[in-house]
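Okay, so here's the structure we're looking at.
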Amino acid sequence: MPNWIKTYVRWVEAVNFRVGRITMYLLFAIMGVMLWSSASKVAHLPANWTLETAQFLFVAYYLLGAPYSMQLDSNVRMDLLYGRLSTRTQLLWDVFTIFVVIFYIGVMLYGAIESTTYSITMNERNPTAWRPPLWPIKLVTCVAFLLLLLQCIAHFFRDLAALRKVQI
C-alpha cells in the first residue's frame with residue numbers, strides 16, 4: 001500500500017478514536033441533565049430546557065460514536081451467512097458493500113449540510129417553550145457523518161490491504 005494510504009488510515013482512525021473516547025463521556029452529561037430534570041420537578045422549579053438538552057446530547061452521543069464503533073468493528077451485522085464465509089470471502093463482501101455504505105453516508109452528509117445551511121441562514125429554532133437554535137446539533141450531525149464517511153474509506157483501505165496480505 002502507498003504511504004499516503006497508510007497515513008490516511010492512521011490519521012482517520014486516530015481522530016475517530018479520540019472523538020469516540022471523548023464522546024463516551026457525553027453519557028455522564030446526559031445523566032446529569034436528567035438528574036437535574038428530576039430534581040427540579042421535585043423542587044417545583046421550572047426546567048423546560050432539560051428534555052431537549054438531553055435529546056441533543058444523545059444525538060451527539062449516538063452519531064459521534066458511530067465512526068468509533070465502526071473502527072472497533074463493534075457494529076451489528078446480519079451474521080446468518082456472513083459468519084459462515086471464509087475470511088477472504090468476508091473481506092471481498094466487505095469491499096463490495098462498503099461502497100453502498102459510502103454512497104448512503106454521502107447522501108446523508110449532503111442532506112445534513114443542506115439542512116445545517118438552512119438552519120443557520122434562517123436562524124431555525126425548535127418550536128417549543130425553550131426555543132433553542134437547531135444549527136449546533138445539525139452541525140454536530142454534519143461532523144459525525146463526515147467522520148463516518150472518512151472511517152468507511154479507511155475501512156475500505158484496511159480490507160483491501162488484508163486482501164492483498166499487506167500491513168497498514
Side-chain angles (χ1 to χ4, degrees), residues 1-34 53-121 124 133-168:
M1 285 289 177
N3 282 334
W4 69 269
I5 290 178
K6 292 177 184 179
T7 304
Y8 171 82
V9 170
R10 289 184 185 134
W11 180 82
V12 166
E13 290 189 346
V15 168
N16 283 333
F17 183 81
R18 285 182 181 90
V19 169
R21 299 297 279 188
I22 292 167
T23 298
M24 280 192 222
Y25 293 104
L26 283 179
L27 194 58
F28 295 112
I30 294 167
M31 287 189 296
V33 168
M34 296 311 293
T53 301
Q55 288 172 341
F56 290 166
L57 287 171
F58 190 74
V59 166
Y61 174 78
Y62 181 78
L63 290 177
L64 289 172
Y68 181 64
S69 176
M70 184 175 198
Q71 178 184 358
L72 296 180
D73 205 26
S74 61
N75 50 326
V76 177
R77 258 195 197 111
M78 286 300 293
D79 205 21
L80 294 171
L81 299 174
Y82 186 84
R84 297 180 183 169
L85 301 173
S86 69
T87 305
R88 180 165 174 75
T89 308
Q90 286 179 352
L91 287 170
L92 286 169
W93 183 249
D94 288 346
V95 165
F96 171 72
T97 57
I98 198 69
F99 287 111
V100 176
V101 177
I102 288 171
F103 175 76
Y104 176 74
I105 299 300
V107 170
M108 294 296 287
L109 178 60
Y110 176 78
I113 290 170
E114 290 290 316
S115 181
T116 304
T117 304
Y118 174 82
S119 187
I120 291 170
T121 305
E124 186 180 19
L134 292 177
W135 69 264
I137 195 61
K138 289 185 177 190
L139 186 61
V140 168
T141 303
C142 290
V143 169
F145 283 143
L146 178 63
L147 291 175
L148 187 56
L149 183 63
L150 295 175
Q151 185 62 47
C152 286
I153 294 167
H155 198 70
F156 167 74
F157 286 138
R158 277 210 177 274
D159 288 342
L160 209 55
L163 273 172
R164 298 176 71 196
K165 295 183 169 104
V166 176
Q167 187 76 18
I168 285 191

query = To the nearest 0.5 Å, what is the distance between CZ (Arg18) and CD (Glu13)?
reply = 12.0 Å

inquiry  = Please check if the number of heavy atoms outside Phe103 that lie under 6.0 Å from its CZ is greater than 12.
reply    = no

remark   = Between Phe157 and Ile168, the two heavy atoms sitting closest are O-CD1, 3.6 Å

query = Any idea which heavy atoms bring Lys6 and Met1 closest together, and the distance?
reply = CE-O, 3.5 Å

task = Taking all heavy atoms of Ala162 and all of Leu91, pick out the closest pair and write down the distance.
result = CB-CD1, 3.7 Å

inquiry  = Can you give me the closest heavy-atom contact between Phe56 and Leu134, atom names plus distance?
reply    = CZ-CD2, 3.8 Å

ask   = Under 3.5 Å, side chain of Ser115 to main-chain N/O of Gly111, donor-acceptor pair present?
value = no

message = With side-chain contact (heavy atoms from CB on, under 4.5 Å) as the criterion, how do Gln71 and Phe17 come out once you've worked through the C-alpha distance, each side chain's angles and the decisive distance to 0.1 Å?
response = CA-CA 8 Å; Gln71 178 184 358; Phe17 183 81; 4.0 Å; yes

ask   = Is it true that a side-chain atom of Gln90 and a backbone atom of Tyr82 form a donor plus acceptor pair closer than 3.5 Å?
value = yes

query = Is any side-chain heavy atom of Cys152 less than 4.5 Å from a side-chain heavy atom of Met70?
reply = yes

Test item: side-chain donor near acceptor, Gln151 and Asn16, under 3.5 Å = yes

ask   = Are Thr116 and Ser119 close enough that a side-chain donor and a side-chain acceptor fall under 3.5 Å?
value = no

message = Applying side-chain contact (heavy atoms from CB on, under 4.5 Å) to Leu109 and Leu149, what does each step give before you reach the verdict?
response = CA-CA 8 Å; Leu109 178 60; Leu149 183 63; 4.1 Å; yes

query = Side-chain contact, heavy-atom cut-off 4.5 Å: Ile153 with Ile102?
reply = yes

task = For Val140 and Leu63, run side-chain contact (heavy atoms from CB on, under 4.5 Å): C-alpha distance rounded to whole Å, both residues' side-chain angles, the deciding distance at 0.1 Å, then the answer.
result = CA-CA 8 Å; Val140 168; Leu63 290 177; 5.7 Å; no

message = Could you measure the distance from the CZ atom of Phe58 to the CG atom of Leu26? Nearest 0.5 Å is fine.
response = 11.0 Å

query = Does Gly65 offer a backbone N or O that forms a donor-acceptor pair with the side chain of Thr23 under 3.5 Å?
reply = no

ask   = At their closest point, which heavy atom of Ile137 faces which heavy atom of Ala60, and how far apart are they?
value = CD1-N, 4.1 Å

key: Centroid-centroid under 6.0 Å between Phe96 and Trp93 rings   = yes

ask   = Atom CZ of Phe156 and atom OG1 of Thr97: how far apart are they, to the nearest 0.5 Å?
value = 11.0 Å

task = Would you check, one step at a time, whether the test side-chain contact (heavy atoms from CB on, under 4.5 Å) holds for Tyr8 with Leu150?
result = CA-CA 9 Å; Tyr8 171 82; Leu150 295 175; 3.4 Å; yes

query = Looking at side-chain heavy atoms only, is the closest gap between Glu114 and Tyr110 below 4.5 Å?
reply = yes

ask   = Nearest 0.5 Å, what's the NZ-CD1 distance between Lys138 and Ile120?
value = 10.0 Å

Between CD1 on residue Ile113 and SG on residue Cys142, distance to nearest 0.5 Å = 5.5 Å

key: Atom pair CD1/CG of Ile5 and Leu160 - distance to nearest 0.5 Å   = 7.5 Å

key: Thr121 side chain to Thr117 backbone, donor-acceptor under 3.5 Å   = yes

note = Phe145 and Ile105 have their tightest heavy-atom pair at O-CG2, 3.5 Å

request  = Taking the side chain as every heavy atom from C-beta outward, state whether Leu92 and Leu163 have any pair of such atoms under 4.5 Å apart.
outcome  = yes

